[in-house]
Amino acid sequence: MKVYITSAAPLAGEATKAMASPPSPPPHQHQQAATRRGCRSAVVTGLLAGVLLFRAALLTIEAGASLCPSTTGCLDWRAGLGDWLYGGSGDAMEEFMKEWRRGRREASLLDPVVVEAAPDSLDGLMAEMDTMLASYDRLDMEAVVLKIMAMLLKMDRKVKSSRIRALFNRHLASLGIPKSMHCLTLRLAEEFAVNSAARSPVPLPEHAPRLADASYLHVAIVTDNVLAAAVAVASAVRSSAEPARLVFHVVTDKKSYVPMHSWFALHPVSPAVVEVKGLHQFDWRDGGAIASVMRTIEEVQRSSMEYHQCDASVVREYRRLEASKPSTFSLLNYLKIHLPEFFPELGRVILLDDDVVVRKDLTGLWEQHLGENIIGAVGGHNPGEDGVVCIEKTLGDHLNFTDPEVSNVLESARCAWSWGVNVVNLDAWRRTNNRESGFRLWKMGSLPPALIAFNGRVQAVEPRWHLRGLGWHTPDGEQLQRSAVLHFSGPRKPWLEVAFPELRELWLGHLNRSDSFLQGCGVVE
């Protein structure tokens, strides 16, 4: 059924008189017709604005709910609107909604050419409506509804396209290294070459015995990011009740060793001690340790190649984006599962990611009772135990439970812990000698292999020790104040321009804004 908005029909006598002698209508009739057309245009505008701006309200109307203050008032208004539009009895809103529901079902069948030709805005739509009203004395409501549908589809597609482009651009921005950090790395490398102070031992020889002394609190950071390591170390020292008890072990790769060494040689954190060591400087004591590390390196390189091979275009694009993340195939990220080989003389260590800010004394975490468990982490609970609910993801979100090697030994509903802030029992770890498994069992990342290796050997610690996700969202002030360690996991790292401004300022607050290296490279203003 087609619904039209028409002018009122002339009376029979007037029609006969008009046929006999067609005199030109008086000016006041022209004015009345124009007024009526303008009023109808205004009513149609109201309907269209309601459709576009209050779609939720229309859904409520469709469900049978009433938005009117009283039933009588609503009936009076709808009857009056019908009289105005149709020149007699009728329910304009009901007819319009009937056409709207039918048009929405047909919207998916619209010709793409029709959708592309639809107006880009409400102003454009109203301009077309005015043209139709000026050309004809009636308005096809079905055509109006379909035109609205085409315009909405076009707008939805534009919004989705813009959102995808924004997400992709943000993803690319999260992958880059700021020019200021490139500058800092080069400046520190140059300083290492020309300044003997930058080449001084780290730590100083008189502090070397602390590196294997179990009475000190040992913190390990595996990273190639000089600026991030500087903030993590400085914040931990500032928050410590006994900074002289802290010993930091910074493990980096060969290309980052020189600027990393130069920074901590020129910026000591006394009374704490920092050791900077490159992978090329480790004195592996047995062939088994070397073979284990090399197998991990080979697995990462092999998986990096295989991860790009996929037939389905959508999956291929997703994998390509995942593979472009710095953490996906970062060798240093995977070498965390070789901490016992890195520190053969230590029995316990706190492992921090480089994108953290420490706000409380770490002594409480260091003294956590682990028993025979290997690692202490936030999230290492069983759902349902004492009303526990998983804070983050479950094992099913990380592992491939279609593989019987996984499903036969693990529970998909078990809470998954995460890297970032962990206390590690290296002695218990060495006794298990379990640090390897096949990459086919999990989604790419350094956490899944650890979830398999440490299954059943994780000690849950209080959530206040690890507030993660600050690269995804901004937590409330109470959470920030309560948390001991803030973890900027997510794409908006605090050293990037896409970081949340208030969190970036919090992170920058642990850098010396008067430092000549930071000022010269534009890290701080």
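Between the side chain of Ser235 and the main chain of His510, no donor-acceptor pair closer than 3.5 Å is present. With Asn422 contributing its side chain and Ser418 its backbone, the two residues share a donor-acceptor pair below 3.5 Å. Without hydrogens or angle criteria, His218 side chain to Asp213 main chain gives a donor-acceptor distance under 3.5 Å. For the pair Arg457 (side chain) and Glu372 (backbone), a donor-acceptor distance under 3.5 Å is present. Between the Arg504 side chain and the Pro494 main chain, a donor and an acceptor come within less than 3.5 Å of each other. Under the 3.5 Å distance criterion, the side-chain polar atoms of Ser240 are left unmatched by any main-chain donor or acceptor of Val237. In terms of modelled atom types and a separation under 3.5 Å, the side chain of Gln519 and the main chain of Val524 share no donor-acceptor contact. Side chain of Asp353 to main chain of Asp355: no donor-acceptor pair is present (N/O by atom type, distance under 3.5 Å, no hydrogens or angles). Judged purely by atom type and a 3.5 angstrom limit, Thr394 has no side-chain atom pairing as donor or acceptor with the backbone of Arg414.
Between Arg245 and Thr363 the shortest side-chain heavy-atom distance falls below 4.5 Å. Side-chain atoms of Asn425 and Gln459, non-hydrogen and from C-beta on, never get closer than 4.5 Å to each other. Taking the side chain as every heavy atom from C-beta outward, Leu508 and Arg513 approach each other to under 4.5 Å. Phe282 is not listed as a side-chain neighbour of His338, based on a closest heavy-atom distance of 4.5 Å or more. Gln368 has its side chain within reach of Trp465: a pair of non-hydrogen atoms, C-beta onward, lies under 4.5 Å apart. Counting heavy atoms from C-beta outward, Val485 and Leu362 have side chains that approach closer than 4.5 Å.
Distance check: Leu467 CG to Gln481 CD gives 11.5 Å after rounding to the nearest 0.5 Å. Of the inter-residue distances, the one linking Leu518 atom CG with Asn512 atom CG reads 7.0 Å to the nearest 0.5 angstrom. Note that OG of Ser262 is 10.0 Å distant from CD of Glu190, once rounded to the nearest 0.5 Å. For the atom pair Leu227 CG and Leu184 CG, the distance stands at 6.0 Å (nearest 0.5 Å). Considering CG of Leu365 and CG of Leu352, their distance stands at 8.0 Å, rounded to 0.5 Å. Separating the CD1 atom in Ile375 from the CG atom in Leu426 is a distance of 10.0 Å, to the nearest 0.5 Å.
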Practice prompt. Please report the C-alpha distance between Asp427 and Arg430 in whole Å, then the side-chain angles of each, then the deciding distance to 0.1 Å, and finally whether the salt bridge (Lys or Arg N to Asp or Glu O under 4.0 Å) criterion is met.
Written response: CA-CA 5 Å; Asp427 289 334; Arg430 293 187 188 98; 3.0 Å; yes
Discussion item. Would Phe401 and Leu395 count as a side chain to side chain contact (heavy atoms under 4.5 Å, CB included) here? Give the steps.
Written reply: CA-CA 9 Å; Phe401 275 85; Leu395 295 185; 4.1 Å; yes
Item to complete: Take Leu279 and Leu335 through the test side chain to side chain contact (heavy atoms under 4.5 Å, CB included) and record every step on the way to the result.
Response: CA-CA 10 Å; Leu279 293 175; Leu335 288 181; 3.6 Å; yes
Practice prompt. Any chance you could lay out the side chain to side chain contact (heavy atoms under 4.5 Å, CB included) test for Ile350 and Phe248, step after step, and finish with the verdict?
Written response: CA-CA 9 Å; Ile350 290 178; Phe248 295 92; over 6 Å; no
Practice prompt. Could you walk me through whether Leu480 and Leu470 pass the side chain to side chain contact (heavy atoms under 4.5 Å, CB included) test, one step at a time?
Written response: CA-CA 10 Å; Leu480 288 175; Leu470 272 66; 4.2 Å; yes
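Nearest heavy-atom pair, Cys521 versus Ser180, reported as atom, atom and distance to 0.1 Å: O-CB, 3.1 Å. Between Leu511 and Trp507 the shortest heavy-atom distance is CD1-CZ3, 4.3 Å. The minimum heavy-atom distance between Lys336 and Leu351, with the atom names listed, is CD-CD2, 4.0 Å. Taking every heavy atom of both residues into account, Ala214 and Trp366 meet most closely at O-CZ2, 4.5 Å. Residues Ala197 and Ala265 approach most closely at O-CB, 3.6 Å, considering heavy atoms. Here the closest heavy-atom approach between residue Leu506 and residue Val357 is recorded as CD2-CG1, 4.1 Å.
The pair Glu275-Arg210 does not meet the salt-bridge criterion, since no charged nitrogen lies less than 4.0 angstrom from a carboxylate oxygen.
For Glu497, the CD atom is loosely surrounded, since the number of other residues' heavy atoms within 6.0 Å does not exceed 12.
When only modelled atom types and interatomic distance are considered, Thr474 and Glu502 share a side-chain donor-acceptor pair under 3.5 Å.
Residue pairs meeting the side-chain hydrogen bond (donor to acceptor under 3.5 Å, both in side chains) criterion with at least one partner in residues 197-206, sequence neighbours excluded, are absent.
For His267, the side chain to side chain contact (heavy atoms under 4.5 Å, CB included) criterion is met by Trp263, Asp515, Phe517, not counting sequence neighbours. Listed by chain and number, the residues in a ring-ring contact (aromatic ring centres under 6.0 Å, His included) with Phe500 amount to none (sequence neighbours excluded). Judged as a ring-ring contact (aromatic ring centres under 6.0 Å, His included), and not counting sequence neighbours, the contacts of His466 are His487. Partners of His280 by ring-ring contact (aromatic ring centres under 6.0 Å, His included), not counting sequence neighbours, listed by chain and number: Tyr257. Listed by chain and residue number, Asn225, Asp354, Trp495 satisfy the side chain to side chain contact (heavy atoms under 4.5 Å, CB included) test with Ala228 (two or more places apart in sequence, or in another chain).
No option in Leu211, Val274, Val222 other than Leu211 meets the side-chain contact (heavy atoms from CB on, under 4.5 Å) test with His249.
Ring planes of Trp417 and Phe454: parallel class, angle under 30° (limits at 30 and 60°).
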